[in-house]
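Presented below is the structure to which this report refers.
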Amino acid sequence: MIFKSLVSFLVLSSALSFGQAFAPADTASAPASVPKKPVSFDLSAIDKSADPCTDFYQYACGNWKKNNPIPPDQTRWGRFNELAERNNYLLYQELKTAADAPKTALQKKYGDYFAACMNVDLANQLGVKPIEPALKTIAAWNDRKTLATLLGTMEDKYSVGFFFNFGSEQDQKDSTQQIGAIDQGGLGLPDRDYYLNQDERSRTLREQYVAHVTKMFVLLGDTSQQAAVEANNVMTVETALAEGSMSRVARRNPANVYHVMTIAQLQTMTPDFDWEVYLTAKKEGSLKTANVVSPDFFKAMQQQFASTSIGALKSYMRWHTVHRFAANLSDPFVNENFDFYAATLAGQKEITPRWKRCTAATDRALGEAVGQDWVAQNFPPAAKDNMDKLVHALEVALGQDIQHLDWMSEATKVEAQKKLDAFRNKIGYPEKWRDYSPLMVKRDDPVGNLQRSIAFNDRHDLNKIGKPVDEKEWDMTPPTVNAYYNPAMNDINFPAGILQPPFYDFKIDPAVNFGGIGVVIGHEMTHGFDDQGSQYDAQGNVRSWWTPEDKKKFDERTDCEVKEYDNFEVAPGQKLNGRLTLGENTADNGGLRIAYQALMSTLAQEGKEVSEKIDGYTEAQRYFISWGQVWCENTREQAARLRAKTDPHSSGEWRVNGSVQNFDAFGKAFSCKVGQPMMPEHSCRVW
Ligand SMILES: [Zn+2]
């Protein structure tokens, strides 16, 4: 699968950011208690001793932060997590029932998947056995010329890939078509910067990483001396790959990640890897062209293939094989994997309970199978109808916002409106569910199940190459607490999982609803017009629809946000990266503004008194508090640092304080004085 760097999410889920690393577990086989249902607009969360004009986040969330310490099995704990935990719990109940007494063939399938994952005795009994065939295949390899055969076999038979990623993606120049894409990959640390930065903290983390890799080799049976040599080999190969990798910031620009070439050209660039052999093993032997996403990476990879010893390349592949499945093997592997990836890198105190890991794993493997039953139980049709109305209100507000911009010419406004009119909205769950019948699941083969599910999803992805795009497909499973905008599809997507309190309750105060899900909708729409999205047209093709003067003004305005967010600190000495987070910050700022306009128009249409107070707060105040409280969270310092390097989203504190200080309606709502922190004299505005 290709990591879709150009798709914008509302939050970065842990599954996305750290792969399987957040899914180790063994401590509990069943939940200790039922997670409470989160509430919208929580008066008890407010810290009335704080001045909303000085630090609005502290005002909206201060008491919540004080009363909700981070649970030991989490690295960040916020309102999002509360809801995700509850969804996960409801999903767990469904899976447990399906595992014990399935009523349909589909329930039998996902029930077996879950039951196999939950079987800790079986995992411990099997030990390293499930990956032994894969390790033996690597051990037997001894001819540099057959590397492509080896990689094809490892992916095809054992569902483990090395060095790079191969998958499908929408063509930037013709978004109706799917093309092959070959991208950088193959690192064990979360970002290239972890290999390249020379500060003390990064150096220490590298030492800890090498120590972790060493321990994993020892678990595979190496002597400690052998293991240390092998771990150093891994570090050398990965550092070379990191040096060739494109940065996250550079990858935000669509032009930087589009290099369609013939396979023959790619072959010339990487003479030591036989692409025809590899592609044939992947059943894509007829592929003639592909997007080579990051050409410099492949030059670095070629160097490795040409000059690194076979022994070192084997160390690297052996490591990635055990790393890929560590969380699914016996306890020693699970615990060692937890120690580095969750505890050291992100500050997690305790291993995640097994029931949570297996619930999330089953959702990842069979999301649209488990999602069908979850939606039937947890997503009433009325919730969907009401969302349609909300989305429409936000579309009208964004249209008005565009029309009233004083910095944009009429010509560009016409194009922007065209793009807005072409938005596709997807709400709740897919119209057509995926067919899982070809996927074989066995109750006594947890690692095999994972391998088959990876292969099944990989096949599904590769089968798209050369075919028209399926506009109805989803990239998220229904219980997910998240949302996304895909610029190539020009669509906004809201899974059923997020359409609940604290984000959404169609029966409550509209001010609270607009401050929650309203801003989420506005956020996703604004992604269509952020630093990335603005480069795509109404059809989802990369094409400039801007006049040069307007584009210049747009860039000046986004530069203002870059500088502003560059100064926000998330841990001692650790600031946000304004370029990395630009799209998300633009989306938060735009979303907050247009949802406010949509609320005010809705209230005016209904003839409601705009200043009506509830709980002592005006409509506008409740709106902003609702927005602030969506982001109440506590984060461990290590996780805050990790996110600052890898997550395109700002921390909760700055998502709130950054966006309200750029919107004068906030200062007015709370009677702030110009010059106070939340109502600065000069602020940034794009949309
Ligand atoms: Zn977003």
Side-chain angles (χ1 to χ4, degrees), residues 3-17 76 78-81 83-84 248-249 251-254 390-391 394-395 398 419-420 423-427 474-476 480-495 497-499 503-504 515-536 540 558 561-562 564-565 568 576-595 627-628 630-631 633 643-644 646-660 662-663 684 686-687:
F3 176 69
K4 295 193 169 76
S5 60
L6 298 166
V7 176
S8 297
F9 301 92
L10 181 67
V11 288
L12 197 67
S13 72
S14 49
L16 271 167
S17 51
R76 173 167 78 159
R79 309 300 304 286
F80 260 86
N81 307 84
L83 180 56
R248 282 173 201 270
V249 169
R251 289 172 68 88
R252 293 189 58 73
N253 186 347
L390 272 174
V391 170
L394 266 294
E395 282 171 345
L398 179 51
K419 176 158 182 176
L420 173 58
F423 270 169
R424 273 191 283 260
N425 310 322
K426 292 198 278 200
I427 294 163
W474 281 66
D475 291 337
M476 257 174 207
T480 308
V481 185
N482 209 334
Y484 69 94
Y485 171 75
N486 180 350
M489 207 75 100
N490 198 24
D491 66 356
I492 51 176
N493 304 262
F494 307 95
I498 198 172
L499 301 178
F503 295 96
Y504 176 57
I517 199 71
V519 186
V520 172
I521 299 167
H523 172 106
E524 298 308 335
M525 287 179 174
T526 309
H527 271 313
F529 303 93
D530 68 13
D531 59 320
Q532 279 182 180
S534 62
Q535 300 189 50
Y536 291 75
T558 52
E561 284 186 350
V562 171
E564 182 184 25
Y565 282 77
F568 294 152
L576 288 174
N577 178 337
R579 282 268 161 226
L580 178 64
T581 57
L582 175 58
E584 297 300 333
N585 299 332
T586 303
D588 279 343
N589 279 271
L592 187 64
R593 190 177 286 269
I594 63 168
W627 161 242
V630 160
W631 297 106
E633 67 182 22
R643 285 183 180 270
T646 56
D647 189 344
H649 305 89
S650 298
S651 61
E653 176 184 5
W654 296 114
R655 292 188 81 152
V656 174
N657 282 354
S659 58
V660 299
N662 285 335
F663 188 18
C684 303
V686 182
W687 296 102

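First listed ligand is number 1; within each ligand, the first listed atom is number 1.
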* Can you tell me if an N/O/S atom from His649 lies under 2.8 Å from the Zn ion (ligand 1)? -> no
* To do: Taking the Zn ion (ligand 1) as the vertex, measure the angle between atom NE2 in His523 and atom NE2 in His527; round to 10°.
  => 90°
* **Under 2.8 Å: N/O/S of Ala587 next to the Zn ion (ligand 1)** => no
* Can you check whether Met525 reaches Val391 side chain to side chain, under 4.5 Å on heavy atoms? -> yes
* Can you tell if the side chain of Arg655 reaches within under 4.5 Å of the side chain of Glu633, non-hydrogen atoms only? -> no
* Is the closest side-chain donor-acceptor distance between Asn662 and Glu564 under 3.5 Å? -> yes
* Structure fact -> Of all the N, O or S atoms in Glu584, the one nearest to the Zn ion (ligand 1) is OE1
* Is it the case that Trp654 and Thr581 place a side-chain donor and acceptor less than 3.5 Å from each other? -> no
